[in-house]
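All residue numbers in this chain count up from 1 along the given sequence.
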Amino acid sequence: MRILKLLLLCLLQLSCTGQENEKINGVSFVASREPVTETQVAQIVKVHANHAAVMPFGFIRDIHSPEIVFDSERQWFGETSKGASQYIGELQKKGVKVMVKPQIWIWRGEFTGTLKMQSEKDWKTLETSYEAFILAYAKVAQKMKVDLFCIGTELQQFVTHRPAYWTALIKKIRAVYKGKLTYAANWDEYPKTPFWEELDFIGIDAYFPLSDARNPTMEQLREGWKPWKTKIAALAESKGKPVLFTEFGYRSMDFTGKKPWLVDAHDMQVNLQAQADATQVIFETFWPEDWFAGGYIWKWFIKHENAGGAEDNRFTPQNKPTQQVLSEFYKKY
């Protein structure tokens, strides 16, 4: 039985990527105020990325608000359906495949995993609003013939409290979009996600804590991955689905492996090498595995010349040593 499941995973991997050993080598393509140009897309191709996540946004007032505002004239161009379509078109012209990954932004950056309604009426309103949001972009994904669609990102409370809704929603998405589906579960959410059997990939935003060290060694990072990798591999085998890191990446700062999900602007010491080392270790740990489909690094800005750099302690690999690590491994796979 174990051999049959592993064989199934290998076959799934081949069908999803199209050829042996080729992974989804992706970038999370950040929405901007203006259209993307061919020259800007060329920077993605230059690092041997073959996929990009295009991320339109919907907005919610607070964690108890049921109304999602999306495709508004007040949004940045890249956050709208028109902008997403333009980004997809330019990426496809350069041979870059696309995952459409609609996301929610809660005012003041509240974590989407805490989105939870306080009444049945509000749950129903949220469900109706989210369905309109996600189906609108599923239709964009179908029209643009993209390869992959993400049905949600880090919505643990919503998923936990309304599982039947999500099962029904997946059927509605498949009725309008004919490509492959995933869901981006947070690193501490994915084992409890109830609908992996109904999707094509187990999607994980892979911000797993690896080391408490200020400047972790690569060996410490490898050791930090061992228990997590064992659990991820076991889930892939039990569900018969390949794993996709819908987001992965590290900030170029001290303690980069301690709480890799940190997105606040606290003034942590820049540490370019720690980011490069952690990125190399995640590639070495996962990319050779047959049950692993690949992932999308967080994050890539369209104005490459202005992004990242030696003084930046944020996530982007751009204009940092990590960019070279990314390029080398994406070329290999």
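Every pair tested for salt bridge (Lys or Arg N to Asp or Glu O under 4.0 Å) that includes a residue from residues 268-279 fails, sequence neighbours excluded, so the list is empty. Judged as a salt bridge (Lys or Arg N to Asp or Glu O under 4.0 Å), the pairs with a partner in residues 35-55 (not counting sequence neighbours) are, in order, Glu38-Lys94. The stretch residues 163-172 participates, sequence neighbours left out, in these side chain to side chain donor-acceptor pair (under 3.5 Å) pairs: Glu131-Lys172.
Under the side-chain contact (heavy atoms from CB on, under 4.5 Å) criterion, Arg33 pairs with Trp76, not counting sequence neighbours. Evaluation of the side-chain hydrogen bond (donor to acceptor under 3.5 Å, both in side chains) rule for Glu120 yields Arg162 as partners, not counting sequence neighbours. With sequence neighbours excluded, the residues that form a side-chain hydrogen bond (donor to acceptor under 3.5 Å, both in side chains) with His161 are Gln157. By the side-chain hydrogen bond (donor to acceptor under 3.5 Å, both in side chains) test, Arg61 is found to be paired with no residue, residues two or more places apart in sequence or in another chain being considered. Trp225 pairs by the ring-ring contact (aromatic ring centres under 6.0 Å, His included) definition with Phe208, Phe286, not counting sequence neighbours.
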Show which side-chain atoms of residues 104-115 pair as donor or acceptor with protein atoms under 3.5 Å away, not counting sequence neighbours.
{"from": "Thr112", "atom 1": "OG1", "to": "Glu154", "atom 2": "O", "distance (Å)": "2.7"}
{"from": "Thr114", "atom 1": "OG1", "to": "Phe111", "atom 2": "O", "distance (Å)": "2.6"}

Exercise answer: donor-acceptor pairs, residues 184-195 side-chain atoms, under 3.5 Å, sequence neighbours excluded:
{"from": "Asn186", "atom 1": "ND2", "to": "Asp188", "atom 2": "OD1", "distance (Å)": "2.8"}
{"from": "Glu189", "atom 1": "OE1", "to": "Asn186", "atom 2": "N", "distance (Å)": "2.9"}
{"from": "Glu189", "atom 1": "OE2", "to": "Tyr183", "atom 2": "OH", "distance (Å)": "2.6"}
{"from": "Lys192", "atom 1": "NZ", "to": "Asp188", "atom 2": "O", "distance (Å)": "2.9"}

Ignoring hydrogens and angles, write down the donor-acceptor pairs under 3.5 Å from the side chains of residues 321-328, residues two or more places apart or on other chains.
{"from": "Thr322", "atom 1": "OG1", "to": "Gln275", "atom 2": "OE1", "distance (Å)": "3.0"}
{"from": "Thr322", "atom 1": "OG1", "to": "Ala276", "atom 2": "N", "distance (Å)": "3.1"}
{"from": "Gln323", "atom 1": "OE1", "to": "Asn319", "atom 2": "N", "distance (Å)": "2.7"}
{"from": "Gln324", "atom 1": "NE2", "to": "Glu328", "atom 2": "OE2", "distance (Å)": "3.1"}

Under 3.5 Å, sequence neighbours excluded: what are the donor-acceptor pairs made by side chains of residues 80-91?
{"from": "Thr80", "atom 1": "OG1", "to": "Phe77", "atom 2": "O", "distance (Å)": "2.7"}
{"from": "Thr80", "atom 1": "OG1", "to": "Gly83", "atom 2": "N", "distance (Å)": "3.1"}
{"from": "Ser81", "atom 1": "OG", "to": "Asp71", "atom 2": "OD1", "distance (Å)": "3.0"}
{"from": "Ser81", "atom 1": "OG", "to": "Asp71", "atom 2": "OD2", "distance (Å)": "2.7"}
{"from": "Ser85", "atom 1": "OG", "to": "Ser81", "atom 2": "O", "distance (Å)": "2.9"}
{"from": "Gln86", "atom 1": "OE1", "to": "Val36", "atom 2": "N", "distance (Å)": "3.0"}
{"from": "Gln86", "atom 1": "NE2", "to": "Val36", "atom 2": "O", "distance (Å)": "2.9"}
{"from": "Tyr87", "atom 1": "OH", "to": "Ser32", "atom 2": "N", "distance (Å)": "3.0"}
{"from": "Tyr87", "atom 1": "OH", "to": "Glu34", "atom 2": "O", "distance (Å)": "3.0"}
{"from": "Glu90", "atom 1": "OE2", "to": "Lys93", "atom 2": "NZ", "distance (Å)": "2.9"}

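In this pair, Trp300 and His304 present their aromatic rings parallel. The plane angle is below 30°, not in the 30 to 60° band. Taking the six-membered ring where the residue is Trp, Phe292 and Phe245 present perpendicular rings, their angle passing 60° and hence far from 30°.
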Practice task
I would like to know whether Phe158 and Tyr130 meet ring-ring contact (aromatic ring centres under 6.0 Å, His included); could you show each step before the answer?
Solution key: CA-CA 11 Å; Phe158 192 177; Tyr130 191 82; 5.6 Å; yes
Practice task
Kindly determine whether Ile232 and Ile204 satisfy side chain to side chain contact (heavy atoms under 4.5 Å, CB included), including the steps that lead there.
Solution key: CA-CA 9 Å; Ile232 295 168; Ile204 303 173; 4.2 Å; yes
Problem - Residues Phe255, Gln269; criterion side chain to side chain contact (heavy atoms under 4.5 Å, CB included); working and verdict - result: CA-CA 9 Å; Phe255 299 104; Gln269 178 74 31; over 6 Å; no
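When all heavy atoms are compared, the tightest approach of Asn215 to Ala274 is OD1-CB, 4.0 Å. A pairwise comparison of heavy atoms in Asp312 and Leu272 identifies O-CD2, 4.2 Å as the closest pair. When all heavy atoms of Gln220 and Ala213 are compared, the closest pair comes out as OE1-CB, 3.9 Å. Contact between Thr246 and Ser28 at its shortest, heavy atoms only, is O-OG, 4.4 Å. Of all heavy-atom pairs between Pro260 and Phe315, the closest is O-CZ, 3.1 Å. Closest of all the heavy-atom pairs between Gln103 and Phe133 is O-CZ, 3.5 Å.
The line from CG of Leu199 to CD1 of Ile170 is 4.5 Å long, rounded to the nearest 0.5 Å. Residue His48 holds its NE2 atom at 12.0 Å from OH of Tyr330, rounded to the nearest 0.5 Å. To the nearest 0.5 Å, atoms CG (Asp147) and NZ (Lys145) are separated by 12.0 Å. The line from CG of Leu235 to CH2 of Trp196 is 8.0 Å long, rounded to the nearest 0.5 Å. If you take CG on Leu148 and NZ on Lys101, they are separated by 10.5 Å, rounding to the nearest 0.5 Å. Distance check: Leu135 CG to Ile173 CD1 gives 6.0 Å after rounding to the nearest 0.5 Å.
Contact of the Pro216 side chain with the Leu210 side chain is not registered, since no non-hydrogen atoms from C-beta on lie closer than 4.5 Å. Looking only at side-chain heavy atoms (C-beta outward), His64 and Asp122 stay at 4.5 Å or farther from each other. Here the side chains of Lys229 and Thr285 are in contact, with some heavy-atom distance below 4.5 Å. Contact of the Pro209 side chain with the Trp261 side chain is registered, since non-hydrogen atoms from C-beta on lie closer than 4.5 Å. Side chains of Met99 and Ile24 form no contact here, defined as non-hydrogen atoms less than 4.5 Å apart. Thr316 places a side-chain heavy atom less than 4.5 Å from the side chain of Lys320. Counting only heavy atoms from C-beta outward, the side chains of Ile302 and Val41 never approach each other to under 4.5 Å. Within the 4.5 Å cutoff, side-chain heavy atoms of Tyr177 are placed close to those of Val146.
With hydrogens and angles left out, the side-chain atoms of Asn25 and Trp287 include a donor and acceptor closer than 3.5 Å.
For Lys178, the NZ atom counts as densely surrounded, since its 6.0 Å shell holds more than 12 non-hydrogen atoms of other residues, nucleotides or ligands.
The residues Arg174 and Glu198 are annotated as not salt-bridged, no charged nitrogen and carboxylate oxygen being separated by less than 4.0 angstrom.
Cluster annotation: Val27 and Tyr333 are assigned to the same hydrophobic cluster (Ile/Leu/Val/Met/Phe/Trp/Tyr, side-chain heavy-atom contacts under 4.5 Å, transitive). Criterion: ILVMFWY side-chain heavy atoms under 4.5 Å apart, direct or through other members. Under it, Leu155 and Val69 are not part of a common hydrophobic cluster. One hydrophobic cluster, built from ILVMFWY side chains closer than 4.5 Å, holds both Tyr137 and Ile60.
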